[in-house]
Student: 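Attaching a single structure in structure tokens format; questions to follow.
The figures that follow rest on heavy atoms only: side chains count, while hydrogens, waters and symmetry mates do not. This structure is a prediction, so every number in the text was calculated from the model and none was measured. Remember, it's 1-based here, ligands and their atoms both numbered in the order they're listed.
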Amino acid sequence: MKRFLFIMICCVAMHSSWAQLNIIPKPSQVLTAKGEWTLKAKTKIGAPADVKWTHVAGMLASQLGKATGQAPQTVKGKGDITLVASADTSLREEGYRLLVTSKGVTIQAQTAKGAFYGVQTLLQLLPAEVFSPEPVAGVKWTVPYVTIKDVPRYAYRGLMLDVSRHFMPVDFVKKYIDLIALHKQNQFHWHLTDDQGWRIEIKKYPELKTISSKRKETMKGHYSDQKYDGIPYEGFYTQEEIKDVLKYAEERFVNVIPEIEMPGHALAALAAYPQLGNNPDKIYQVGTKWGVYEDVFMPREETFKFLEDVLTEVIDLFPSKYIHIGGDECPKTQWEESRFAQALIKKENLKDAHGLQSYVIKRIDKFITAKGRRMIGWDEILEGGLSPNATVMSWRGTEGGIAAAKERHDVVMTPNNFVYLDHYQAEASTQPVAIGGFTDLAESYSYEPTPAELSPEEAKHILGVQGNVWTEYMKTPAYVEYMVWPRATALAEVGWTPKNGKNFEDFSKRMEVHRKRLDYLGVNYFGAPINKKFEYVWPVKK
Ligand code: ACM
């Protein structure tokens, strides 16, 4: 009985001290002990003498310096906080072990990336004020004694941003990357081209800048209102700006995946280069309304030359293994009505226009593969047969992902009902205008990326999960943040934490402190009481 009582007390103690830890995403293993270590003015941060490790130590010193008013000194080797290169293969590429005792803090990892994630956890063990951009007085900078071993569940943990429908400035893109890294996510999917604007400089095709990046006006209110604001709109990243973002992301261990849409969602490009479309004589205009356009790339040799030239510059710029080619929502009307497209279908012995979509995707896959990269695309790339090296991003539910994994193709899960962060997150009449749909925080949190239908072998092809942020209705960075956070915080935990470690009640408690962190970071997150259940009302009441 006594022994039972002792175990009970330990469990309660562990539970209550666990509840104080407030780490998001929740680590895989945590053991707490009584006591705490205190950060002092003379605290030193030690790290191996390697550029990447030293950089991680420097970032920690810089953040501590901002919030406490005194940046710790960084030293080679041992410090009071020490980053240690470990040979423990169970930590894999991204895991870390964090030990806090009376002697100080040790973060062990196989890689600097793992150490970076250990540092994120250490920051979350400190009071939320540590995220302040300026010194906060009167805070006791303590860290509870703890032993953590933490390894992510999935290798791919991403967040996408559409900058075509609304352009987002470089500083905001960097802040977005900061938040991805804070949440131990590792992929930033940058949706750079679409019907309503082409946003990346391609030196060989200068009119993508002078024509395709500009539209006459933008839809106002809901699509059903069919109203326009009459205000010209434009935005564009130079290759120098992109290089700057890529360096910033690399320093935070975030891979940036560029997306160049094809063969659909091509209207902005056609506005500058009409010869790549169905009718070279047509005056195409960069899209001003939302939705899917019938004007798509016509798969002539000239079009392939354009796409391959564009991809060559993109591949030269972006070090990402994955290159996203879109592939979604390509209406087949023009191909069905085109003498050229029909002749090509016949010549290549294809079944129909869907076969032609597959032909386009397979050629592009071959091109990207020959450049040593991997093609990734939305699940429509399954149409007419999947090309050999393709990775599928399953967005129209999970069926595409399941079919691809069964064919032993890699998959990133992005089913719209759980991860589309442009959906309403609360009762629509209480919210600024959004595209529609309803996905609240609890629903995003509840997502299980590995479908039960898959065998263990097939399930290995589920690389991970990503939140998608389409910006038709998000005109400003502040609105993007309002829609993204904290639902993307929930998705970060879906991607990182073991399945049996997830619990929404527990997450909600940790979110209370996490919201303070987001406050210090100046994030305009959606701040409604997070346990409130909202009804979805559609259309919006006026
Ligand atoms: C998509 O939402 N069209 C990928």
Student: Taking the six-membered ring for Trp and the single ring otherwise, decide whether the centroids of W190 and H324 are under 6.0 Å apart.
Tutor: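 Distance test on ring centres: not under 6.0 Å, no.
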
Student: Assess the pair Y473 and H222: is the distance between their ring centroids shorter than 6.0 Å?
Tutor: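 Centroid distance Y473-H222: below 6.0 Å, so yes.
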
Student: Taking only residues two or more places apart in sequence or in another chain, which ones pass ring pair (Phe, Tyr, Trp, His ring centres under 6.0 Å) with F253?
Tutor: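 Partners of F253 by the ring pair (Phe, Tyr, Trp, His ring centres under 6.0 Å) criterion, ordered by chain and then number, come out as F116.
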
Student: Salt bridge between E201 and K209, side-chain N to carboxylate O under 4.0 Å?
Tutor: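 Between K209 and E201 there is no salt bridge, as every charged N stays at least 4.0 Å from the carboxylate O atoms.
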
Student: State which residues pass ring pair (Phe, Tyr, Trp, His ring centres under 6.0 Å) with Y117; sequence neighbours excluded, sorted by chain then number.
Tutor: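 Y117 satisfies ring pair (Phe, Tyr, Trp, His ring centres under 6.0 Å) with W496 once adjacent residues are dropped.
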
Student: Could you tell me which residues satisfy side-chain contact (heavy atoms from CB on, under 4.5 Å) with E399, sequence neighbours excluded, listed by chain and number?
Tutor: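 In terms of side-chain contact (heavy atoms from CB on, under 4.5 Å), with neighbours along the sequence ignored, E399 is linked to no residue.
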
Student: So which protein residues pack against ligand 1 under 4.0 Å, heavy atoms counted?
Tutor: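 Residues D328, E329, W378, W395, Y420, W470 each place a heavy atom under 4.0 Å from ligand 1, listed by chain and number.
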
